[in-house]
Amino acid sequence: SQTIHQWPATLVQPVGSPLSLECTVEGTSNPNLYWYRQAAGRGLQLLFYSVGIGQISSEVPQNLSASRPQDRQFILSSKKLLLSDSGFYLCAWEDRVAKNIQYFGAGTRLSVL
Amino acid sequence: AQSVTQPDIHITVSEGASLELRCNYSYGATPYLFWYVQSPGQGLQLLLKYFSGDTLVQGIKGFEAEFKRSQSSFNLRKPSVHWSDAAEYFCAVGYDYKLSFGAGTTVTVRA
């Protein structure tokens with residue numbers, strides 16, 4: 001069966017520090033991958049998605065970037081965190097055959113202080 | 001442009017009572033529609049989906065949803081709520097490779 005892993009689960013970082021969040025998927029190949037951000041009391045905002053290695057699409061201009069160095073690995077990064085980057089970050093994968101059905105990781109709670 | 005509206009930010013329901021969560025969507029073509037549930041501090045779990053066919057779809061945990069094209073709605077229902085159903089619920093519409101989510105409805109279950 002397929003599983004998705006995100007780490008770390010919780011992260012507290014000072015303003016101006018770098019960020020790297022990792023997401024890996026097991027049990028499938030060539031998935032579509034997604035990064036979402038969920039601010040307190042709000043819905044999910046799609047940040048990035050990827051349909052293949054090295055292919056990244058950005059949905060909103062921001063301080064973050066994403067990379068997909070391997071088929072089942074998706075990384076969210078920042079060179080210098082801002083206070084406004086705080087939130088709950090969710091990674092998701094989609095089987096290309098089962099179109100639009102996305103499966104989510106457990107999320108990373110990021111607090112920028 | 002596609003969008004999802006969940007009119008109710010917060011709903012409180014008694015255990016054993018019925019629950020209905022509203023969802024309205026805006027999308028030019030035939031929509032793919034989803035309901036997800038999120039427990040505090042957790043990721044999202046898919047409850048059910050609608051792609052085509054029977055407009056009443058059954059999901060996990062005793063939930064069902066009805067697609068009404070004339071009303072652009074996809075409301076979620078459960079006949080008898082359990083305390084474990086306390087969570088946040090998100091409606092979403094799928095298009096291209098993406099999902100557009102509503103802002104969510106928080107459900108509180110009182111004993």
Side-chain angles (χ1 to χ4, degrees), chain A residues 2-11 21 23-25 30-52 55-60 68 74 87-111, chain B residues 1-11 21-27 29-52 57 59-60 65 67 74 87-108:
Chain A
Q2 302 88 0
T3 56
I4 179 169
H5 303 280
Q6 271 189 256
W7 68 92
T10 305
L11 191 60
L21 302 181
C23 172
T24 59
V25 181
N30 203 24
N32 292 334
L33 296 172
Y34 304 82
W35 279 112
Y36 291 87
R37 177 169 55 205
Q38 186 177 25
R42 301 178 63 179
L44 280 75
Q45 180 185 38
L46 178 62
L47 301 176
F48 301 95
Y49 69 95
S50 172
V51 299
Q55 301 178 60
I56 309 295
S57 296
S58 174
E59 287 293 295
V60 293
R68 184 172 178 173
F74 205 23
F88 192 53
Y89 289 82
L90 290 158
C91 181
W93 73 273
E94 175 189 281
D95 185 326
R96 295 186 184 209
V97 175
K99 189 177 179 180
N100 276 152
I101 300 177
Q102 294 184 17
Y103 300 93
F104 286 78
T108 295
R109 172 73 59 194
L110 172 66
S111 299
Chain B
Q2 50 288 327
S3 66
V4 178
T5 302
Q6 294 181 246
D8 304 306
I9 297 173
H10 191 189
I11 286 180
L21 304 182
R22 295 183 290 165
C23 172
N24 294 98
Y25 67 90
S26 173
Y27 186 57
T30 301
Y32 293 168
L33 295 164
F34 306 83
W35 275 99
Y36 284 86
V37 61
Q38 184 182 32
S39 298
Q42 299 297 313
L44 275 70
Q45 181 182 22
L46 179 66
L47 283 176
L48 47 78
K49 61 188 182 293
Y50 171 78
F51 285 176
S52 64
V57 293
I60 62 171
F67 170 60
F74 188 56
E88 190 161 18
Y89 293 80
F90 293 94
C91 182
V93 60
Y95 63 102
D96 299 331
Y97 297 108
K98 305 171 223 177
L99 292 178
S100 179
F101 285 87
T105 298
T106 299
V107 173
T108 298

Enclosure of B:Ile9 CD1 (heavy-atom neighbours >12, cutoff 6.0 Å):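 Atom CD1 in B:Ile9 is not crowded, with 12 or fewer foreign heavy atoms closer than 6.0 Å.
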Verdict with reasoning, B:Lys98 to A:Tyr49, per side-chain contact (heavy atoms from CB on, under 4.5 Å): CA-CA 8 Å; B:Lys98 305 171 223 177; A:Tyr49 69 95; 3.6 Å; yes
Leading residue by heavy atom contact count with chain A [cutoff under 4.5 Å; candidates B:Leu46, B:Leu99, B:Thr106]: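 Greatest number of close heavy-atom pairs with chain A: B:Leu99.
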Under 4.5 Å from any heavy atom of chain B - which part of A:Leu46: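 Contact with chain B is through the side chain of A:Leu46 alone.
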Chain B contact via A:Glu94 - side chain, backbone, both or neither, heavy atoms under 4.5 Å: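 Just its side chain gets close to chain B.
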Full working for side-chain contact (heavy atoms from CB on, under 4.5 Å) between B:Gln38 and A:Leu90: CA-CA 12 Å; B:Gln38 184 182 32; A:Leu90 290 158; 4.2 Å; yes
From CA spacing to verdict: side-chain contact (heavy atoms from CB on, under 4.5 Å), A:Gln45, B:Phe101: CA-CA 8 Å; A:Gln45 180 185 38; B:Phe101 285 87; over 6 Å; no
When A:Gly107, A:Ala106, A:Ala92, A:Cys91 are compared by non-hydrogen pairs under 4.5 Å with chain B, the top option: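 Top count of heavy-atom pairs under 4.5 Å with chain B: A:Ala106.
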With sequence neighbours excluded, residues passing side-chain contact (heavy atoms from CB on, under 4.5 Å) with A:Thr3: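 A:Thr3: side-chain contact (heavy atoms from CB on, under 4.5 Å) contacts with A:His5, A:Glu26.
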Which residues share a side-chain contact (heavy atoms from CB on, under 4.5 Å) with A:Tyr103, sequence neighbours left out: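 In terms of side-chain contact (heavy atoms from CB on, under 4.5 Å), with neighbours along the sequence ignored, A:Tyr103 is linked to A:Trp93, A:Ile101.
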Which atom of B:Phe90 lies closest to which atom of A:Gln38, heavy atoms considered: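 Where B:Phe90 meets A:Gln38 most closely, the heavy atoms are CZ-NE2, 3.2 Å.
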Side-chain heavy atoms of A:Gln102 within contact of B:Tyr36, under 4.5 Å: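 The answer is yes, as the side chains (C-beta and beyond) meet within the 4.5 Å cut-off.
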